[in-house]
Amino acid sequence: MEKETLLLPAFDPVEDGETIALAGRILREGGIAAIPTETVYGLAGNALDPEATKKIYAAKGRPSDNPLIVHIAELAEWSPLVAELPEEALVLAKRYWPGPLTIILPKSPLVPDSTSGGLPTVAVRMPENPVALAVIRAAGVPLAAPSANRSGSPSPTTWQHCADDLMGRVEAILQSADCQVGVESTVLSLCQRDMDGKILPRLLRPGAVTLEQLRETLGEVLVDRGVLEQLEAGEKALSPGMKYKHYAPAAEVILLEGGTLPYRAWLREHAQPGDWAICFEEDLPLEAVPARSYGRKADHAAQAQKLFLLLRELDRLEAKRIFVHSPQRDGVGLAVYNRLARAAAFRVVELSGAGE
Ligand code: AMP
Ligand code: MG
């Protein structure tokens, strides 16, 4: 069913106060709207209204057992959503909120099953983007907001991406700046405890708040197996989003791990018409294939910011295969690697052993 989709300019929380107020009203009345955040654009709806969350799943074409992150604008909105608010959670919020960190805790009865994907837990985040905060305040309710893409396609980092995927499927799309982080938030679960009752924090999805930062803040942090490896068929995913093919463009993505020289040599040997490369600045020029750089090798922030944008661009250019020079896995690089490994369905070629 085609809806009329309003395009609402919302670049500045004050100057665009009127359109933000309108977006808030649409959301409060049960509509859904694409909104900017610092990570990726989110498809927002009232997190406490099962009808609104149903609309989100339908617009995205997303399986309804995949839970949604609840976005809040004030710390005081957190405790009604959760069954408990342990010290560790408060320490994290103090350090990293507002910002790209999502914290999972046992949920309160206020959170509908349709928001938690039937899980007894709820994921909550306070975004940093001032327009996002203004929209949440204007709505007056916590907002469930998964990435504003059709399920299976790369997450949107510009309002035009949202329009490409969701025109006619949502009540409004906010036209705002490009996302600064470019990959989705870090997801950390605080739901597991050891025999002494001590919380065992577990990283379910890497993002711009890094594993190193979380360990510095909390001490030990476990890394869920789904972050770096493909889960076996039928294996239970702690973070249900991890079991779906995700972040994937239409082209086949292949990750190549190794130095510039073996990367170039491998491309010379294997590239065919229709192939493209996403490489580091230092790899250019690449003679064997047309290429886009996603930043310098050490600049993980640039790589994160450009990744989804480039995957969408190469889809538009009808790339058949994309050979991506794999980022290192420290800092924000772990998040970039995780998204790429999933887009590549874990097809990773280790160049040092590839007979160069
Ligand atoms: P998205 O909102 O599209 O960025 O995806 C949200 C991610 O958070 C997905 O990978 C979900 O599986 C994960 N998530 C949300 N809520 C929970 C939860 N209660 N338990 C585990 N993972 C969750
Ligand atoms: Mg998503």
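When a ligand or atom number is given, it counts from 1 through the structure's own listing order.
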What do you reckon, does R62 put a non-hydrogen atom under 4.0 Å from ligand 1? yes

Whether W78 and W97 hold their rings parallel, tilted or perpendicular, with breakpoints at 30° and 60°: tilted

Within the structure, does N66 bring an N/O atom to less than 3.5 angstrom of an N/O atom in ligand 1? yes

Heteroatom test (N, O or S) for N149 near the Mg ion (ligand 2), limit 2.8 Å: no

With a 4.5 Å limit on heavy-atom distance, are the side chains of T210 and V332 in contact? yes

Has E88 got more than 12 heavy atoms of other residues, nucleotides or ligands less than 6.0 Å from its CD? yes

Atom indices of ligand 1, in the order listed, that fall short of 4.0 Å to a heavy atom of T121: 18 (C), 19 (N), 20 (N)

CA sep, side-chain torsions, deciding dist, call: Q303, Q328, side-chain contact (heavy atoms from CB on, under 4.5 Å): CA-CA 11 Å; Q303 293 154 21; Q328 280 156 345; over 6 Å; no

Identify, by atom number and element, the atoms of ligand 1 in contact range of L119, meaning under 4.0 Å from any of its heavy atoms. 18 (C), 19 (N), 20 (N)

Under 4.0 Å, heavy-atom basis, I'd like to know which part of T102 is in contact with ligand 1: side chain, backbone, both or neither. neither

Residue A123 vicinity, atoms of ligand 1 by number, heavy atom under 4.0 Å: 15 (C), 16 (N), 17 (C)

Do the side chains of E184 and R125 get close enough for a salt bridge, i.e. N-O under 4.0 angstrom? no

Say whether S116 and ligand 1 are in contact under the criterion: heavy-atom distance to a ligand atom below 4.0 Å. no

Any salt bridge linking K3 with E171? Criterion: basic side-chain nitrogen under 4.0 Å from a carboxylate oxygen. yes

Of all the atoms in ligand 1, which lie at a distance below 4.0 Å from a heavy atom belonging to P67? 11 (C), 12 (O), 14 (N), 15 (C), 16 (N), 17 (C), 18 (C), 23 (C)

Let's go through Q192 and I199 carefully: what are the C-alpha distance in whole Å and the side-chain angles of both, what is the deciding distance for side-chain contact (heavy atoms from CB on, under 4.5 Å) to 0.1 Å, and is it a yes or a no? CA-CA 6 Å; Q192 198 185 339; I199 286 182; over 6 Å; no

Short list, please: which atoms of ligand 1 are under 4.0 Å from a heavy atom of R205? 1 (P), 4 (O), 5 (O), 6 (C), 7 (C)

After noting the C-alpha distance and the side-chain angles of E212 and R215, does the key distance pass the salt bridge (Lys or Arg N to Asp or Glu O under 4.0 Å) rule? CA-CA 5 Å; E212 291 86 344; R215 285 187 168 145; over 6 Å; no

Is the shortest N/O to N/O distance between E184 and ligand 1 below 3.5 Å? no

